[in-house]
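The structure presented is a predicted model; accordingly, all values stated were derived computationally and were not measured.
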Amino acid sequence: MKAVGLNPPDWYLRDGYKMLPPEWQPQVPFPIILGTDISGVIVEARPDVF
């Protein structure tokens, strides 16, 4: 991995979606890993992947 990004949805999740009404707040199992936007270089892949 060369970089990772945090976006507004990550911030909202970290804050517990407090800006949403309680009935709209998703139930999220904690601990949770934020920053799922990543970049990198694929060095090798199986032939059946692409």
*If you take all heavy atoms of Tyr17 and Pro9, which pair is closest and at what distance?*
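So the two residues come closest at OH-O, 4.1 Å.
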_Closest approach of Gln25 to Lys18 (non-hydrogen atoms, all atoms of both residues)_ =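 Scanning both residues, the minimum pair turns out to be NE2-CA, 3.9 Å.
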_Residues Leu13, Asp10; criterion side chain to side chain contact (heavy atoms under 4.5 Å, CB included); working and verdict_ = CA-CA 5 Å; Leu13 175 60; Asp10 296 313; 5.5 Å; no
*CD (Gln27) with more than 12 external heavy atoms under 6.0 Å*: no
_From CH2 (Trp11) to CG (Leu34), nearest 0.5 Å_ =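 Taking CH2 in Trp11 and CG in Leu34, the distance rounds to 12.0 Å.
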